[in-house]
Amino acid sequence: TERTLSIIKPDATNRNLTGKINAKFEDAGLRIVAQKRIKLSMEQAGKFYEVHKERPFYGELCEFMASAPVVVQVLEGDNAIAKNREVMGATNPANAEPGTIRKEFALSVGENSVHGSDAPETAAQEIAFFFSGLELV
Ligand code: ATP
Ligand code: MG
């Protein structure tokens, strides 16, 4: 079993899509083992997305992620990292498979409803960024 960090992004929380998105995770066999609603500052968003700081969309991405509350969560299951990315669908909703979160809910490549860790190392880092040991059982 494996854990991954998921974020329900502002475009989705603004449209009250948290429950529908969580149903997709649970239907795929992913267990929500921790979850909270927080509002990121620009500084926190910038730190979280530091790996993208040279990309042209970095400023826009950080402003978007700090624009409204997000739901951060830890998902657990067999191959949770890959399974979560499968359920999310392609980064650009135009390329996402039918039935995926991004195909059904994303507005654009930027406002694409969800984030998911991309590897075991980043999953561990990203979980520790948002959750303390006490919050993880
Ligand atoms: P995430 O890391 O959010 O799970 P991802 O791994 O599919 O998504 P990345 O390449 O890591 O995609 O990009 C991180 C985020 O940056 C994307 O989810 C998206 O919100 C934003 N992004 C990526 N490419 C673009 C772009 N061309 N224009 C605007 N925003 C973008
Ligand atoms: Mg990524």
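Just so it is clear, the model here is predicted, and its values are computed rather than measured. Both ligands and their constituent atoms are indexed starting at 1 by order of listing. We're numbering straight along the sequence, starting at 1.
- With sequence neighbours excluded, the residues satisfying ring-ring contact (aromatic ring centres under 6.0 Å, His included) with F129 are F48.
- From the protein, the heavy atom lying nearest to atom 1 (P) of ligand 1 is H115 ND1, 3.1 Å.
- In this structure, the side chain of K36 does not engage the main chain of V71 through any donor-acceptor pair within 3.5 Å.
- A salt bridge does not link K20 with E104: none of the charged nitrogens is closer than 4.0 Å to a carboxylate oxygen.
- Short contacts between ligand 1 and L61, defined as distances under 4.0 Å to a heavy atom of the residue, involve ligand atoms 16 (O), 20 (O), 21 (C).
- Not close to ligand 1: D118, with no non-hydrogen atom less than 4.0 angstrom away.
- Both the backbone and the side chain of V109 come within contact range of ligand 1, each with a heavy atom under 4.0 Å.
- Residue-to-ligand polar distances keep E60 apart from ligand 1: every N/O pair is separated by 3.5 Å or more.
- Screening V114, N112, I21 for a side chain to side chain contact (heavy atoms under 4.5 Å, CB included) involving K9 leaves a single residue, N112.
- A donor-acceptor contact closer than 3.5 angstrom is absent between the side chains of E97 and T100.
- When hydrogens are left out, the protein atom nearest atom 11 (O) of ligand 1 is H52 NE2, 3.1 Å; that is the closest non-hydrogen contact.
- The nearest pair of heavy atoms linking A80 to L75 is CB-O, 4.0 Å.
- For the side chain to side chain contact (heavy atoms under 4.5 Å, CB included) criterion with I7, the lone passing option out of Q73, M65, E126 is M65.
- Contacts with ligand 1 closer than 4.0 Å are made by no heavy atom of E126, backbone or side chain.
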Under the side-chain contact (heavy atoms from CB on, under 4.5 Å) criterion, do H115 and V72 qualify, and how do the steps go?
CA-CA 9 Å; H115 163 83; V72 293; over 6 Å; no
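- Those atoms of ligand 1 that come under 4.0 Å of a heavy atom in Y49, given as number and element, are 3 (O).
- Members clustered with M42: none, using a 4.5 Å side-chain heavy-atom cutoff among hydrophobic residues.
- Of the protein's heavy atoms, R102 NH2, 3.3 Å lies nearest to atom 8 (O) of ligand 1.
- In terms of protein heavy-atom proximity, atom 7 (O) of ligand 1 is nearest to T91 OG1, 2.4 Å.
- Taking every heavy atom of R55 and a limit of under 4.0 angstrom, the matching atoms of ligand 1 come to 10 (O).
- If you look at F64 next to ligand 1, there are no close heavy atoms at all, none under 4.0 Å.
- Across all their heavy atoms, F130 and E135 have their closest contact at O-OE1, 4.0 Å.
- Of all the atoms in ligand 1, the ones that sit under 4.0 Å from a non-hydrogen atom of N112 are 17 (C), 18 (O), 19 (C), 20 (O).
- With a heavy-atom cut-off of 4.0 Å, R85 touches ligand 1 through its side chain alone.
- Looking only at protein heavy atoms, the nearest one to atom 29 (C) of ligand 1 is F57 CB, 3.6 Å.
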